[in-house]
Amino acid sequence: MIVRKAELSIAKRLAAVAGEDAQLEAKFLLQANGFHSPYQELSETDARALDPLIERRLAGEPLAYILGEWEFYGLPFYVDRTVLIPRPDTECLVEAALKLLDAEHNRVLDLCCGSGCIGIALAACGGAKVTASDISSDALDMTERNARRNGVSLELIRSDFLDAIDGEFDLIVCNPPYLTRADMDGRDASLRYEPELALYGGEDGLAFYRRLANEYTRVLKKGGTLLLEIGMTQREAVEALFSNAECMLDYGGRARVITVKRND
Ligand code: GLN
């Protein structure tokens, strides 16, 4: 059988979980296993070797974990179940941060770094000097691997939020856990594979924004900026926690990033 035909038959099987992305997912699975060209021959044994991967996807596991890597801001990142899968929604935070970086303002803290995707994108694309921190040492290991993969080096600090962080940053970027208890209870199968630690933001989803509002001036320079990802219904609640907050929309038109400039 040729790859093209295998792709169509895998796509048919994946349609139940992947919907309109089924064909793209089938292509990614084949490519990750060395089948790039549509007219390459695929033996029965080759095809059967993909079955366990297809079964995992049919059970609801996100494709990113099955492939073990995912793209963010055009860069490759290793991922596993210890870190959140980078989302395209977060790319607008990177875009906004890059506009604020220059040679004199390049000290960045990536707080709750997970896979490291935000900080690494800023180091690789904006020349930022990045400190990345997370409470999870597995996440920090993943950030380190990803930094190496993308040819940048970061300072890594294990910290419960800002507790172990010192220093004066020009920019703090943070995609904290922000799902509410209700979001967690109602989350779909794919989100159940992602770490609760990276998703759950307390009963009302706002716990980390409150902590940040109380503490950020200790580590952000005067004139510096805080860039926070938020859930699409959290704009007003998060704006109310900070003076000077502004909201940016993501490419889907949803409230996604709060920027706070420190003026005092
Ligand atoms: N954007 C993620 C989601 O809705 C949540 C990420 C987070 O909590 N920081 O699935």
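Throughout, residue positions are numbered sequentially from 1 according to the sequence presented. Each ligand, and each atom within it, is numbered from 1 in the order the structure gives.
Residue contact check for ligand 1: Cys112 places no non-hydrogen atom closer than 4.0 Å to it.
Of all atoms in ligand 1, numbered sequentially from 1 with element shown, those under 4.0 Å from a heavy atom of Leu84 are 6 (C). Short contacts between ligand 1 and Pro177, defined as distances under 4.0 Å to a heavy atom of the residue, involve ligand atoms 8 (O). Near Leu199, the atoms of ligand 1 lying under 4.0 angstrom from a non-hydrogen atom of the residue are 5 (C), 8 (O). Here is the list of ligand 1 atoms found below 4.0 Å of a heavy atom in Glu229: 1 (N).
Looking at Thr90 against ligand 1, nothing comes within 4.0 Å, counting heavy atoms. Only side-chain heavy atoms of Leu191 come within less than 4.0 Å of ligand 1; its backbone N, CA, C and O stay farther off.
Salt bridge Arg181/Asp204: absent, no basic N to carboxylate O contact under 4.0 Å. Between Lys261 and Glu246 no salt bridge is recorded (no basic side-chain N to carboxylate O distance below 4.0 Å).
Scanning the protein for heavy atoms near atom 8 (O) of ligand 1, the closest one is Tyr178 N, 3.0 Å. Distance from atom 3 (C) of ligand 1 to its nearest protein heavy atom, with residue and atom name: Arg87 NH2, 3.6 Å. Ranking the protein heavy atoms by distance from atom 4 (O) of ligand 1 puts Leu179 CD2, 4.0 Å first.
The cationic atom of Arg149 (NZ for Lys, CZ for Arg) lies less than 6.0 Å from the six-membered ring centre of Tyr78 and within 45° of the ring axis.
Within the 4.5 Å cutoff, the side chain of Val3 has no heavy atoms near those of the Tyr39 side chain. Residues Glu215 and Asp163 have side chains in contact (heavy-atom distance under 4.5 Å, counting atoms from C-beta outward).
Inspection of the Asn146 and Thr143 side chains reveals no N or O donor paired with an N or O acceptor under 3.5 Å.
Across Gly231, Pro176, Gly205, heavy-atom proximity to atom 7 (C) of ligand 1 is greatest for Pro176.
Pairs passing the salt bridge (Lys or Arg N to Asp or Glu O under 4.0 Å) check and including a residue from residues 74-89, sequence neighbours excluded, read Arg87-Glu194, Asp89-Arg254, Asp89-Arg256.
With sequence neighbours excluded, the residues that form a side chain to side chain contact (heavy atoms under 4.5 Å, CB included) with Asp51 are Arg13, Arg48, Ile54.
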